[in-house]
Each structure stands twice: as C-alpha cells, then as structure tokens.
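Lettering of chains follows the sequences in order, A, B, ..., and the numbering in each one begins at 1. What you see is a predicted model; the values in this text were computed from it and never measured.
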Number of protein chains: 2
Amino acid sequence: MQVHERGARARTRQAILSAAIDVLGQNPGAALGEIATAADVGRTTLHRYFPERSDLMRAVAAEGSARLDHATASARLDEGTGCAALLRLCREYFDLGSLLSLIFTDPDCLSESTPIVDDGCDDRFSAMIDRGHRDGTIDPGLPAPWLSSLMWSQLYAGWAYVTQHGASRHEVLNLLVRTVDGAVTPRTSV
Amino acid sequence: MQVHERGARARTRQAILSAAIDVLGQNPGAALGEIATAADVGRTTLHRYFPERSDLMRAVAAEGSARLDHATASARLDEGTGCAALLRLCREYFDLGSLLSLIFTDPDCLSESTPIVDDGCDDRFSAMIDRGHRDGTIDPGLPAPWLSSLMWSQLYAGWAYVTQHGASRHEVLNLLVRTVDGAVTPRTSV
DNA sequence: CTCTTGTGGAACATCCGCGTTCCACTAGAG
DNA sequence: CTCTAGTGGAACGCGGATGTTCCACAAGAG
C-alpha cells in the first residue's frame, strides 16, 4: 500500500521538521542528535531523510516559509485600517509559536527563502503601513522597516515570555497587542 | 616597571574581552580563533589569559554585567516620572552597542551573573515601573516583567537595525524612544 | 649588553559532531 | 507463514575546534 508508505514517511519527515524548528529555535547550533532525540527517531533515520545538515536546514526553511505565508494570508492585510491589519498580523504570527524563536535567533535561515523578517521589503507589509499612514491609524513618523523590526522583536519577546514565565498565551497576546497598538498609534495629546 | 606590565596585561585582557563581546554577539558559537583574530592577538595569547573557553565566558559575563550596572546607574531610575526614567534607561542601554546582541542572543551567558534581562526581578526596575503606574505616566495594565521584555526586545531590534541597515544611531534611538514611549503611555482617548 | 616579560607561531593530542556503512528488529502486506 | 519497508543501534573515518607544549622574537628594565 503505497499510500500508507507515503503516509508513514511523510509523518516521520514532519515530526523531524517540527522537532528541528523547536530545537533550533532554542539553540541554532544544536547537534543533529538532539534534533533526532526530540523527534523521537534515531540519528540514522534523520540522515535517511536529510543526508546532510544543509538538506535539513533547507527543508526547515521551506516549512517555516510555508507556515509564515499561511499566517500572512490569514491576516488579510488589505482589509480594514492599517493599524487593525497590523494587529491582525501580530495575532496570526503569534500563533507560529516556536517558529518565532527560529526566525529571530537564526535570521539567515529563512531569509534566503523568504526575506521578510529583517528587510522590510515585503510589499504587502509596506503597503499596509502606508495605508495606515494615510488613514491616520499609524504614526507617519514611523517607517515601515522600523515597524517590521518592532513587530518581530515584540513577537519574539512575547513568545519568550510565554515559554519562560509560563504565562498564558492569551494574556501575553493581549499585552503584546496593547503595546504594539500604543507604539504605532499617533499621539493625539502631543 | 610593574605598573607598565600590569598596564600591558590589562590592555590585552580588555582587548580580548571587547572582541569577545563583539564576535560572540554576532555568533555565540564562534571559535576561539575568531575571537583572537578580532582582538588582534594570537590564539596562544588568548589561552594564556583564559585557559579554557569557560574562563573566557565567565570573564565576558562579568564585563557585561559591569557595563550593564554602569549604564543602569547612569540612568538615575529614581528621578523624574516613571516613564521619563524608563526612556532614560533605554537611552543608556542603547549605548551598550554590541553588548545588546550578546545579551539577547546568549541570554544564559549573563543571566548567571546578573539575571536582569529575562526575569523582571530587578528591584530598581520594578520600583521605577510601579512609580510610573502611580504617577500616571505608565499604563497600569502593563506589568513590569512585560515592560522589561518589551524594552530589551526593542533595544535589540534597534541595534540590529543600526548594524544591518546602516542607519544612524541617533535616528534609530529616536524611533526607539518614540515607540517605547507610545507603548507604555496610557491611552487618553480610549 | 643581559634578563625579564609579553607575545606569536608551529606542532601535537584530544574531543565532539558529522556522515557513512552494516546489521538486527518490528510491523504490516501478501 | 514469507517478504518488504521502515527503523534503530553500533561502529568507523573524517574534519574542525580545543587545549597544551615548545620555541623564537621583540621591547623595556637593569
């Protein structure tokens, strides 16, 4: 039954990739043995799916980019005010979980597949920020690249806060949205 | 002249430590040879000052903690409103430069010497935030530990922005202060 | 000058992660 | 049952980083 074979192989491959994202997020220089242990497979099996470390890194980058693109699509960046879209994006990205650590601690990993994070060169993101500048929901003094850095750093801080302090994802997400909202909203009094 | 000898040894030791902070900040797993090259000394000399890698790491942690404490003291956390003190702290910490990268990419490194960063367990920091909560300059809905995470993540984002985008330190610091200020200031309209 | 100090280079043994190979075990298809 | 796919363990060679030793060189003190 080839379908079952593919199912088993696909399942193992996915387990390795998920474990790799978790482990590499906390330690980009982790040994392959650690990843194999985390995935609950032997190191031999890992090498059977990804002969060299670089093969695994490429697959991790592809998986991460796919999850990232899915989250971006779910945020519907072109709907509502610029600020509302930005906060929707924060909520979607926050669900990426441990992938946030990997994106932040190993920027070069994903940057070759999807150079979104560091460079603010994502057209959709820039367009969203520009819309916010025009509709008055985002401070025009804050350029899109800086807001990209701002958002990613707070996402990482929030995720680290959850994992290290054992706080509720929901509560931390609320704090995060609150501070991002406050940071980008034009100051009415001043 | 023992003074001169001590001066020479202290100078070399300091050069190694500064180079280690720079190099390890960009790559926590850097080889000792890279650090030695960056410090413009031979690998033999590095081992003469720090026999094992762990010795160097400890010294780096001590040096980082010292710089951190000095910056904290310069911010005079007990003067002015809570928000003003927080922004002063951001300005002082931003001057730490490449040490920011090390603190953020290798949290375990300094956490044993000065567990400030992740835990919001610094009493002076908590007192400053509490004062801000009372004097109305910091949103009472934002707890001190989260503001600590927020501040550090923004500092790292700002430093990375300077090093990668080649932006002016002054401009980036202004953006940083602007967004931190907006994030913590209570919303008057809402 | 000589002697001490600080240094750098070369060589070496060692350790650890990587990549490979081979073999034994288990579960499901037939 | 047999056969096959998938897996895990043991062992090996390789390469890079580490830690050590020895020796040569330069600069300043005496």
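Under the rule for a side chain to side chain donor-acceptor pair (under 3.5 Å), A/Asp95 has no partner lying at least two apart in sequence or in another chain. Residues satisfying the side chain to side chain donor-acceptor pair (under 3.5 Å) criterion with B/Trp146, sequence neighbours excluded, are absent altogether. Applying the side chain to side chain donor-acceptor pair (under 3.5 Å) test to B/Ser18 and every residue at least two apart in sequence or in another chain returns B/Arg67. Listed by chain and residue number, nothing satisfies the side chain to side chain donor-acceptor pair (under 3.5 Å) test with B/Ser74 (two or more places apart in sequence, or in another chain).
Sorted by first and then second residue, the side chain to side chain donor-acceptor pair (under 3.5 Å) pairs with a member in residues 41-56 of chain A read A/Asp55-A/Arg58; sequence neighbours excluded.
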- Note on the structure: With sugar-phosphate taken as primed atoms, P, OP1 and OP2 and all else as base, the protein-contact string of nucleotides 7-22 of chain C at under 4.0 Å (heavy atoms; B, S, -) is BBBBB-----SBBB--
